[in-house]
Each structure stands twice: as C-alpha cells, then as structure tokens.
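Below: one structure, written as structure tokens.
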Amino acid sequence: MTTTPALIPTRSDSPVPLRRPLRVVGVSGSLQEPSKTTALVRAILDTVAEHVPIETRLIEIAKIGPRFAGALTREELPADVREALRLIETADLLVVASPVYRASFTGLFKHLFDFVEQYALIGQPVLLAATGGGERHALIIEHQLRPLFGFFQSLTLPLGVYASTSDFDGPVLRDGAVRDRIDQAVSRGLPLIEHSAAQGLSEYVSTW
C-alpha cells in the first residue's frame, strides 16, 4: 500500500520583485565571548551586506543560552528567546555557525533549533558555517549541519564556510583565504537567496 504524503505550500517559480531589504539572521552556537564563531558569522553578514541591502540580527547562544537551557517546551521560554525564534522563522536568510564540540555542533545550538516550528524553515535559504581547531573538522558542515537543516526542508546553500584556528588572530578573523571562501559562498548563494525571498508559495513540499 502506497501512502501519498500531505503537501503544504512552499515557494513557486513565479518570483515578484523584492522591494525591501533582505531579513538576514545570524546564529552563533558558541558558548563563549569573545568568540571565533561569532566573528565568522559577523564577517559573513558583512559580506552579504556588501552585495545587497539587508537588515541583520545576530543571535548568540553565549548570551541567551542560560535562559533556555532548562526549558522543555516553547511555552516555558522567556520572551527574548521566543523573539529569537520568531526572527529565525521569518528570516529571508539564515547564517548559522557552531564550533565543533565532540564532532558535532554545540548542544545548546541544537536545543535552540529543537524549539523551531517543524515547517517554519521550509525553502528558507541557510548558509552553513563552522569553526574548529584544525582542518579535519571541516566535514561538520556536511555530516552534521546539512542534515539538520535538511530535516527542516530548508534550502541549504551549495557552499559552506569553515574556519580553523589558523584563520584567526585570537578572536579576530584574518584576511586572506578564509575571506575568499566567504566571498565565494555568498556570491554563489545570492541568486538562490534573492529568488527565494522574491517568490510566492507553491504546493510541492511534503509534511509526511
């Protein structure tokens, strides 16, 4: 017996011109301040702003984590964390990053996204990024972050950005190769981001 999955609206193929700045929300999963991960997110946001008009908000787990760490339901969250979730769910572009902890993203980064409504991020462009001590951790983007946002049926952009300790002076991102990787990821992703933000809804995403 074959079950036909239910369908809910997603983006269509008939875009209309976007007449407002893109709403871009960064999420840093770092548990520390200052943070290499937060510096990487800021650099990506700045690069997007060099290409298109945007309105940005940055959500830092280091700042809000203690207020949602013990919550079990969305109703238990304080107002500022619920506002952070609203920003995530209504963004035209998410820029998400986490340091590598035990071969994955931080637990509080995951816990925040556990509260995101299951179908709120369908078709939403997401630029994936991560930081780690060495180059061997770069696969976190493909093996951990991309599957998480695949669950949400988000549009994960083709290129992610990984930065290791050698890409930083303390918490400050160096110029050079890492900046080139950011430029490439943003340039390759912008056509998808703008198209997604400008188009309406279609009927071809499953809730099954």
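Between the CZ atom in Arg42 and the CG atom in Leu58 there is a gap of 5.0 Å [rounded to 0.5 Å]. The distance from atom CD1 of Ile182 to atom CG of Leu40, rounded to the nearest 0.5 Å, is 5.5 Å. Note: Ser30 OG to Phe109 CZ = 12.0 Å, rounded to the nearest 0.5 Å. Interatomic distance, OH of Tyr162 versus CZ of Arg181, reported as 9.5 Å (0.5 Å rounding). Atom CG of Asp46 sits about 8.0 Å away from atom CD1 of Ile54, to the nearest 0.5 Å. The OG atom of Ser98 lies 10.5 Å from the CD1 atom of Ile141; values are rounded to the nearest 0.5 Å.
Taking every heavy atom of both residues into account, Gly29 and Thr106 meet most closely at O-OG1, 2.9 Å. When all heavy atoms are compared, the tightest approach of Leu93 to Leu127 is CD1-N, 4.1 Å. The two residues Pro191 and Ser187 come nearest to each other via the heavy atoms CD-O, 3.4 Å. Between Ser35 and Thr38, the closest heavy-atom pair is OG-N, 3.0 Å. Closest non-hydrogen pair, Pro158 versus Arg188, comes out as CB-NH2, 4.2 Å. Scanning both residues, Pro34 and Pro171, for their nearest heavy atoms gives CB-CB, 3.9 Å.
Tracing side-chain contacts under 4.5 Å through hydrophobic residues (I, L, V, M, F, W, Y), one never reaches Val25 starting from Leu45; they form parts of separate clusters. In this structure, Ile140 is a member of the same hydrophobic cluster as Leu112, with clusters built from ILVMFWY side-chain heavy atoms closer than 4.5 Å. Leu139 and Val100 fall into different hydrophobic clusters, where Ile, Leu, Val, Met, Phe, Trp and Tyr are joined by side-chain heavy atoms under 4.5 Å apart, directly or via other members. Hydrophobic clustering (ILVMFWY, side-chain heavy atoms < 4.5 Å, transitive): Val161 and Leu190 are in one cluster. Cluster membership check: Tyr119 does not share its hydrophobic cluster with Phe152, using side-chain heavy-atom separations under 4.5 Å among Ile, Leu, Val, Met, Phe, Trp and Tyr.
A salt bridge is defined here as a Lys NZ or Arg NE, NH1 or NH2 lying under 4.0 Å from an Asp or Glu carboxylate O, and Asp183 with Arg179 fails to meet this definition. Checked for salt-bridge contact, Asp92 and Arg23 meet the test: a charged N lies under 4.0 Å from a carboxylate O.
Looking at Leu157 and Ile193, their side chains come closer than 4.5 Å, going by heavy atoms from C-beta outward.
Each of Ile44, Val95, Leu94, Val52 was scored for a side chain to side chain contact (heavy atoms under 4.5 Å, CB included) with Val24, with one residue passing: Val95.
The side chain to side chain donor-acceptor pair (under 3.5 Å) pairs that include a residue from residues 126-149 are Thr37-Thr131, Ser104-Gln144, Glu135-Ser164, Glu142-Arg146, Arg146-Thr156, where partners are two or more places apart or lie in different chains.
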Assess the residue pair Phe105 and Val96 against the criterion (side chain to side chain contact (heavy atoms under 4.5 Å, CB included)); give the C-alpha distance rounded to whole Å, side-chain angles, the decisive distance to 0.1 Å, and a yes or no.
CA-CA 11 Å; Phe105 33 69; Val96 301; over 6 Å; no
Using the rule given for side chain to side chain contact (heavy atoms under 4.5 Å, CB included), can you reason through Val126 versus Leu145, listing the C-alpha separation, both sets of side-chain angles and the distance that settles it, and then say yes or no?
CA-CA 10 Å; Val126 183; Leu145 287 166; over 6 Å; no
Step-by-step side chain to side chain contact (heavy atoms under 4.5 Å, CB included) determination, Leu31 to Ile61
CA-CA 6 Å; Leu31 307 182; Ile61 298 298; 3.8 Å; yes
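Of the possible polar contacts, one joining the Ser154 side chain to the Leu121 backbone as a donor-acceptor pair under 3.5 Å is found. Ser196 contributes a side-chain N or O that, together with a main-chain N or O of Gly123, makes up a donor-acceptor pair within less than 3.5 Å.
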Which atom pairs, one a donor and one an acceptor, fall under 3.5 Å between side chains of residues 65-88 and the rest of the protein, sequence neighbours left out?
unit_1: Arg67; atom_1: NE; unit_2: Asp80; atom_2: OD2; d: 2.7
unit_1: Arg67; atom_1: NH1; unit_2: Lys63; atom_2: O; d: 3.3
unit_1: Arg67; atom_1: NH2; unit_2: Asp80; atom_2: OD2; d: 2.5
unit_1: Arg74; atom_1: NH1; unit_2: Glu89; atom_2: OE2; d: 2.7
unit_1: Arg74; atom_1: NH1; unit_2: Phe115; atom_2: O; d: 3.0
unit_1: Arg74; atom_1: NH2; unit_2: Glu89; atom_2: OE1; d: 3.2
unit_1: Glu76; atom_1: OE1; unit_2: Leu72; atom_2: N; d: 2.9
unit_1: Arg82; atom_1: NH1; unit_2: Leu77; atom_2: O; d: 2.4
unit_1: Glu83; atom_1: OE1; unit_2: Arg86; atom_2: NE; d: 2.9
unit_1: Glu83; atom_1: OE2; unit_2: Arg86; atom_2: NE; d: 3.4
unit_1: Glu83; atom_1: OE2; unit_2: Arg86; atom_2: NH2; d: 2.7

